[in-house]
Amino acid sequence: MKVLAVYSIKGGVGKTAAAVNLAHAAADAGLRTLLVDLDSQGAASFYFRVRPRKGADAASLLDRRESVHRAIRGTDFENLDILPAHKSFRKMERILDAVTRPRSRIAKLLKPQRREYDLVVIDCTPTLNLTAEAVFRAADLVAVPVIPTTLSARTLQMLLDFFKKQDLDRKRLLAFFSMLDRRKALHLKLVEELPAQSKARFCRTAIPVSSDIEKMGLEREPVALYAPHTRGARAVSELWEEIRERLDP
Amino acid sequence: MTELNLALPDDVQVPDLATALAAGLVVEEDGSTPVRRRYFDSFDWRLHRAGLALVREDGRWRLRRLDDDTVELETAAGGGRWPRFASEFPAGGGLRKRLDKLLKMRAVIHVATVAGDQRRWRVLNADRKTVLRFDLTALQPEKPASDRVLRVAALRPVRGYDGAADRARAEAARLGVGPLDLPFLDTVLAAIGIEAESYSSRFCADLTDTPESLAAAVRVSRTLLGTMRRNEAGLKTDLDTEFLHDFRVAVRRQRSALTIFKGVFDPAAIDGFKREFAALGRLTGPLRDLDVYLLDEARYRDMVPGALQSGLDSLFEHLREQRAGALTQVRRALGSPAYRGLTDAWDTFLADPQPGPIADRPTGDLARERLQRRHHRVMRMGRAIGSRTPDTALHRLRIECKKLRYLLEFFASLWDADEGKILVDQLKDLQDNLGEFNDLCVQQEMLRAALGELTARRKSALLEAASLGGLVAVLNARQQVVRGEFEATFAAFSRPRITKRFARLASSAEDVA
Ligand SMILES: Nc1ncnc2c1ncn2[C@@H]1O[C@H](COP(=O)(O)OP(=O)(O)OP(=O)(O)O)[C@@H](O)[C@H]1O
Ligand SMILES: [Mg+2]
């Protein structure tokens with residue numbers, strides 16, 4: 001079982017869209033996949049129309065009064081299950097802070113799922129805290145969507161610094177450009193220059209800004225389903241291929 | 001929660017079922033696909049007995065559980081000819097291995113084909129999230145054909161939405177739709193008039209309603225004649241080796257029955273039958289011997305070192321040729337007027353048997369006396385065998401044990417089943433020892449004969465001779481071991497506790513009024 005986290009310090013960069021589409025692509029390719037929605041806003045869960053079970057709140061899951069196994073629900077797609085977000089996940093940080101060995105807690109909770117899944121995809125919140133660190137320590141690969149702007153480049157550097165400071169393996173970071181708008185000169189310039197300048201590795205594939213992907217909120221489905229032959233869907237599938245090669249699940 | 005199959009009574013309409021299963025939620029039909037299921041099993045229903053059904057459907061081989069019709073394992077079917085033996089099935093999904101364990105040397109044959117279609121539905125909640133899937137399969141026996149349409153509904157719960165499945169099950173129950181009470185395959189078989197597990201190689205006859213020996217002897221003989229006849233077709237088409245084996249066992253049991261029931265039929269009237277059944281046994285013997293060697297081919301090859309293994313190729317080639325000849329002979333014999341005449345005459349005789357001097361002796365009485373006598377004889381012969389006794393004594397004891405075994409089986413319905421089984425198991429240990437010893441003798445003889453023919457047959461005789469010699473050496477060493485084990489095996493069988501049990505069993509043979 002391999003764990004892929006989708007993370008960025010900056011909000012609204014396409015993390016959830018990527019996590020949902022990548023998880024669906026993996027399941028479609030035959031991998032038994034679990035999507036973990038750690039964001040209390042529950043956007044990923046919303047896309048799959050799944051609401052959490054009542055007792056499956058952050059406190060119960062983290063101190064294992066409620067089993068992760070029981071909290072998982074099936075999506076409408078073969079091979080794809082989801083651990084839906086619960087409102088209480090917004091208290092995750094405080095609860096995690098109180099448990100012993102908080103940094104390894106998420107890895108510990110996922111470990112028993114390895115018999116059932118080949119791949120776990122985690123959709124994260126845009127905060128750099130203990131929860132994020134616990135996710136980094138559970139992940140084999142952390143995919144970071146980067147909008148080609150100077151601000152995004154700066155937050156990527158902050159993440160690299162954090163990895164260094166916490167003695168985390170920077171090779172596990174894999175950046176990719178998200179919401180790339182080819183009509184913008186600055187976007188194109190950064191796509192050219194940033195991969196060479198940054199210490200982070202970058203994917204060849206960039207996810208373009210796409211009205212089809214934007215429509216996911218309306219359709220409540222992965223983009224490949226309702227707009228299969230569009231640029232957006234093709235980019236997702238190419239990105240998945242690159243990530244699959246790196247992960248080798 | 002896993003898939004759940006429900007039997008659908010004929011009077012339940014599809015829309016009503018769909019509404020019930022949705023339990024107040026929205027239900028959407030997903031489409032339908034044609035279905036054809038071909039069922040296979042061995043002649044003696046080995047899969048059915050194991051609670052399984054082997055099904056070819058949808059381009060796949062599936063092993064379904066009989067009780068709930070769920071799929072235990074499956075794999076994509078390859079092209080080409082229909083597989084017959086476990087070894088010819090695709091290895092994927094563990095199918096071949098599982099079938100090998102279940103079927104061993106038996107071939108699978110077509111049991112029934114059903115065809116129809118499967119319609120699928122989804123139940124959606126307020127978010128239009130699928131919370132339950134279900135489908136309805138309607139199938140009609142196609143080969144052999146029948147007008148009955150059999151319907152199974154399958155609930156496929158979605159993980160984490162147990163509530164929807166629970167409500168569906170409760171609503172279905174209100175319509176009278178519940179878990180299958182009879183395996184789906186058995187419903188099919190009932191519709192086409194086939195009885196599952198109707199053949200077994202084990203002898204089974206109920207003698208509790210045959211108070212007089214004559215009726216009992218007729219019942220036993222009829223059972224055996226039935227077994228012979230049922231195996232004829234498979235034997236002639238050479239489907240697998242067990243048709244011949246069961247046929248021969250039935251003939252041997254019949255001959256033993258005539259000895260065990262001695263004096264029940266008119267001795268003069270059955271004298272001819274005795275001789276002819278003996279001849280039938282001799283006639284089919286060579287084919288069986290060859291089958292045994294060929295079934296054991298892999299084991300033989302393992303017995304000689306790798307470098308010598310290829311030396312056995314021509315031996316097995318030769319045996320296969322011989323087998324083809326032996327099969328032709330057996331086929332011809334079973335197709336002959338003489339064989340037909342024998343079975344018809346035996347049938348006629350059993351319909352109106354000429355009674356012997358003790359024909360009206362109570363069956364229980366006869367069973368008691370004969371069991372005692374046979375048991376004593378085995379004990380006497382066994383005790384007389386020492387380390388220096390010639391091998392022929394062991395062969396005679398082996399045959400005597402077989403008769404005792406048959407006797408225990410013939411009269412099994414007259415005494416306590418558990419007690420009978422304990423003694424059969426005890427006897428089996430002794431029989432296994434004697435049987436292996438005999439097999440080793442016969443095999444060495446065959447190999448020596450093959451060695452004798454070598455020079456005339458092949459140029460590569462040197463390697464072959466070395467292989468055969470190696471094999472003889474291994475078999476001979478094993479034979480010494482088995483012979484050495486006889487003493488302890490017989491001692492176990494002749495323990496006072498077992499002897500007492502035999503005596504108790506004999507006296508318990510109830511006199512059926
Ligand atoms: N490639 C894209 N092209 C156009 N719009 C996109 C694209 N990807 C995502 N969006 C839209 O941008 C918004 C933010 O995307 P998303 O929710 O995936 O980002 P996020 O990083 O998960 O945000 P948050 O930090 O709030 O969790 C959404 O409205 C989404 O529909
Ligand atoms: Mg998000």
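The chains referred to below are lettered A, B, ... by the order of the sequence lines, with proteins before strands, and numbering in each begins at 1. Quick caveat: nothing in here was measured; it's all calculated off a predicted structure.
Put simply, CZ on Arg73(A) and CG on Asp162(B) are 8.5 Å apart, with the number rounded to the nearest 0.5 Å. Atoms CZ and OG1, on Phe48(A) and Thr130(B) in that order, are 12.5 Å from each other to the nearest 0.5 Å.
Contact of Arg51(A) with chain B is made through backbone and side chain together, with heavy-atom distances under 4.5 Å. Both the backbone and the side chain of Asp76(A) come within less than 4.5 Å of a heavy atom of chain B.
When every heavy atom of Val50(A) is checked against every heavy atom of Lys129(B), the shortest pair comes out as CG2-CE, 3.3 Å.
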Next item on the list: Verify side-chain contact (heavy atoms from CB on, under 4.5 Å) between Arg159(B) and Arg70(A), making sure each step is shown before the conclusion.
Entry: CA-CA 9 Å; Arg159(B) 177 166 185 176; Arg70(A) 248 169 59 88; over 6 Å; no
Margin query: I'd like to know whether Glu221(A) forms a salt bridge (Lys or Arg N to Asp or Glu O under 4.0 Å) with Arg128(B), so could you lay out the CA-CA distance, the side-chain angles of the two residues, the decisive distance to 0.1 Å, and finally the verdict.
Written below: CA-CA 11 Å; Glu221(A) 267 177 352; Arg128(B) 293 193 64 75; over 6 Å; no
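Crowding of Glu29(B) atom CD: a count of heavy atoms from other residues, nucleotides or ligands under 6.0 Å exceeding 12.
A heavy-atom distance below 4.5 Å is not found between the side chains of Arg49(A) and Leu124(B).
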